[in-house]
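In what follows, a single structure is set out as structure tokens and then discussed.
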Amino acid sequence: MTSAPAPLLRATDVATVFRTPRGAMRAVDGVSLSLARGETLGIVGESGSGKSVLGRTLMGLITDGPGTSVTGSVLLGGKDVHALSPAGRRALWGTEVAMVFQDPMTSLNPVKKIGRHLSESVRLHLGLSRAASRERAVELLRQVGIPEPARRARQYPHELSGGMRQRVVIAMALACGPRLLIADEPTTALDVTVQKQILDLLQSLGEELEMATILISHDLGTIAGRTDRVAVMYAGRLVEHARTTEVFDNPEHPYSRALIASIPHLGLPPHTLLPAIEGRPPNLLNPPPGCRFAPRCRLATDLCTAQPPALTARAGDDTGGAVACHHPLGAAKEATV
Amino acid sequence: MSAAALRRLALRVLELAGVLCIVSVGVFSLVVLLPGDPAVDILGPGRPPSEYAELRHELGLDQPLHTRYFDWLGGVLTGDLGRSVVPPQSEVSDRVVSALPVSAEIAVLGLLIALLIAVPLAMWSAYREGGIADRIIGAGTFAVLSVPSFLAGLLLVMVMVNSLGWFPRSEWVRIGDGDLLGNLHHAFLPALTVALVELAMFARVLRGDLIVTLREDFILAARAKGMSPLRILFTDALRPSSFSLVTLLGLSLGRLIGSTVIVEYLFSLPGMGSLVVNAANQGDYPMVQGAVLTIAVIYVVINAGIDFSYGHLDPRTRRVHV
């Protein structure tokens with residue numbers, strides 16, 4: 001990451017709170033991050049850690065309204081997403097920022113042809129004619145590696161396989177040349193063999209189109225080697241963020257370390273039990289007062305349960321990495337988690 | 001059309017023919033079910049028995065039931081629905097042909113009004129689920145549903161005709177008379193009366209389906225493309241949500257053509273409903289048979305058409321029957 005004058009995306013102290021009948025649920029709680037043009041960021045965390053809500057809040061799909069409160073600011077290309085009018089936000093969607101959703105089986109409209117999914121956004125945002133938008137749709141399908149794109153464009157979503165459909169969803173996101181792509185668990189619903197293809201496709205498209213990418217996943221394995229930086233989320237908060245290699249080589253937060261330890265790899269003998277993180281993530285309606293990971297952390301002290309740790313610079317990291325832990329593991333420190 | 005599609009169509013037509021066969025038997029047996037003796041109804045009571053027997057013979061009522069059925073069916077298939085047994089003994093088909101357009105117009109116009117109002121209401125309701133508009137629309141449609149149509153019709157007549165004088169007092173202008181505006185002017189109030197209950201039903205059903213559809217991922221994906229809410233409602237949400245509505249529409253259309261008697265009476269319309277009721281009261285069984293058969297055939301054909309339209313609504317159902 002270079003110290004570019006204005007980052008593409010800058011989120012400051014973003015909090016997303018859902019008002020539920022059982023109380024306020026702080027799904028995202030004070031997250032700050034920034035992303036430069038063309039940079040890739042991975043957001044990892046368990047189910048329910050607030051990754052998807054964060055992704056949607058960054059994009060403005062979730063915004064202040066009845067039942068939801070969003071505080072903090074998200075600047076996207078210099079515009080405050082949450083201060084814009086609904087129409088102003090819609091003008092950004094597709095052209096500045098686009099999203100790839102988790103389940104390709106449900107994110108395409110079953111009664112609309114593939115081509116129409118693509119052509120309607122280019123007609124809307126780029127003002128192309130009917131014929132030109134149809135051509136563009138076929139071109140987009142070719143770009144995401146769909147064979148026989150002209151024929152596929154005339155088919156309905158149910159006539160395509162899951163991997164093909166996810167390519168269509170990606171093509172949909174790319175249609176108007178966004179500068180930021182948010183991929184929310186793009187491979188979770190796919191077969192393992194297809195997962196790699198889709199991740200490779202996202203990576204090569206990001207490089208080819210100089211598009212910044214946020215890759216949201218519960219699986220550190222999908223993020224390793226594909227992103228410049230990683231942000232680890234736990235219970236609505238960022239617990240650690242740094243360059244991907246730094247996090248993998250020297251995780252400072254016990255939670256990051258535990259996540260890395262639980263990635264299976266081929267070197268392990270069969271029937272090896274992977275280290276699991278004991279306990280459950282906290283209830284976001286009533287989170288613990290101190291560090292939210294403290295109840296599951298073997299290194300937790302009284303300080304941890306009493307006072308939430310702030311994000312501070314990681315030891316020996318001059319690239320802007322930070323960790324929120326009272327007792328960071330440190331590069332040299334030998335610790336058992 | 002592909003061979004498979006042709007085969008499906010052929011099967012469908014066969015199925016339809018079967019249903020119509022059963023319908024014809026049902027309609028024919030109405031004669032047996034009609035209370036009283038047609039001969040007594042026609043001649044009046046207190047005549048010598050020989051006169052009744054003679055009339056029965058003349059009408060063919062002394063023949064065995066199956067002979068009469070096939071005689072009748074033969075006539076029906078050649079377009080001859082028989083003659084009324086009540087003076088002036090007009091052709092049944094003439095009376096049906098004159099009554100059917102009236103009922104059909106009221107039904108179609110009523111359903112159009114209902115759709116025009118119900119679809120936007122349902123969209124507004126579903127889009128702002130739980131909001132003030134949703135609650136008002138919900139209460140309003142519920143209220144309308146619980147008002148019987150004779151009351152709604154009476155109120156409309158009282159206000160729009162008697163007090164405001166916006167609409168003429170009931171005298172029907174036929175479509176064929178070249179006065180389309182006059183015809184619509186007369187048809188509007190009865191159509192609106194019919195529309196009220198239907199629109200309340202349509203709005204409630206469509207709202208429910210829309211709410212389910214709006215929670216789908218593809219709606220979120222469409223939003224993320226920057227589509228406006230109105231556009232998403234019309235181009236993405238409406239079609240996948242319209243199955244129940246279309247089904248209901250078919251049932252309503254079939255039902256309205258034959259059974260808007262109350263509305264027809266209220267507005268003195270010479271429609272199918274009054275035709276059937278009057279004929280039944282007079283023991284005019286060929287008229288009842290002819291009219292009910294016509295209504296039943298229309299009903300069956302409309303609903304077969306609705307079945308066929310599902311394939312258009314959802315491409316996933318197209319290949320199921322191959």
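Per chain, numbering begins at 1; letters A, B, ... match sequence-line order. Keep in mind the model is a prediction, meaning the values are calculated, not measured. Values reported hereafter were calculated over all heavy atoms of this structure, with side chains retained and with hydrogens, waters and symmetry mates removed.
- Considering every non-hydrogen atom in both A221(B) and S107(A), the closest pair reads CB-O, 3.6 Å.
- Between chain A and the residues S228(B), P240(B), A237(B), the largest count of heavy-atom pairs under 4.5 Å involves S228(B).
- In terms of heavy-atom pairs under 4.5 Å with chain B, the best-connected choice from D103(A), V169(A), L124(A), L92(A) is L124(A).
- Among S121(A), A98(A), P157(A), P178(A), the residue with the largest count of heavy-atom pairs under 4.5 Å with chain B is S121(A).
- For the atom pair OG1 of T235(B) and CZ of R116(A), the computed distance is 5.5 Å after rounding to the nearest 0.5 Å.
- At a threshold of 4.5 Å between non-hydrogen side-chain atoms, the residues E159(A) and P315(B) do not count as touching.
- Distance check: R239(B) CZ to N109(A) CG gives 8.0 Å after rounding to the nearest 0.5 Å.
- Residue R89(A) does not touch chain B at all, counting heavy-atom pairs closer than 4.5 Å.
- Going from atom CE of M172(A) over to atom CZ of F218(B) covers 11.0 Å, rounded to the nearest 0.5 Å.
- Here CG of L220(B) is found 8.5 Å from CD1 of I62(A). Values are rounded to the nearest 0.5 Å.
- Between F101(A) and A224(B) the shortest heavy-atom distance is CZ-CB, 3.9 Å.
- For D217(B) and T106(A), the side-chain atoms include at least one donor-acceptor pair closer than 3.5 Å.
- Sparse packing is recorded around CD1 of I132(B), with 12 or fewer heavy atoms of other residues, nucleotides or ligands lying under 6.0 Å away.
- Distance SG/C176(A) to NZ/K225(B): 9.0 Å, rounded to 0.5 Å.
- For the set A175(A), P66(A), A173(A), P110(A), the count of heavy-atom pairs under 4.5 angstrom toward chain B peaks at P110(A).
- More than 12 heavy atoms of other shown residues, nucleotides or ligands fall within 6.0 angstrom of atom CZ in F308(B).
- Each of T95(A), V97(A), L108(A) has some count of heavy-atom pairs under 4.5 Å with chain B, and the biggest count is that of L108(A).
- Note: R223(B) leads E216(B), R223(B), R231(B) in heavy-atom pairs under 4.5 Å with chain A.
- Chain B forms more heavy-atom pairs under 4.5 Å with one residue of Q102(A), M99(A), H117(A) than with any other, namely H117(A).
- Heavy atoms of T213(B) lying under 4.5 Å from chain A are absent altogether.
- Here the closest heavy-atom approach between residue R90(A) and residue P229(B) is recorded as NH1-CD, 3.3 Å.
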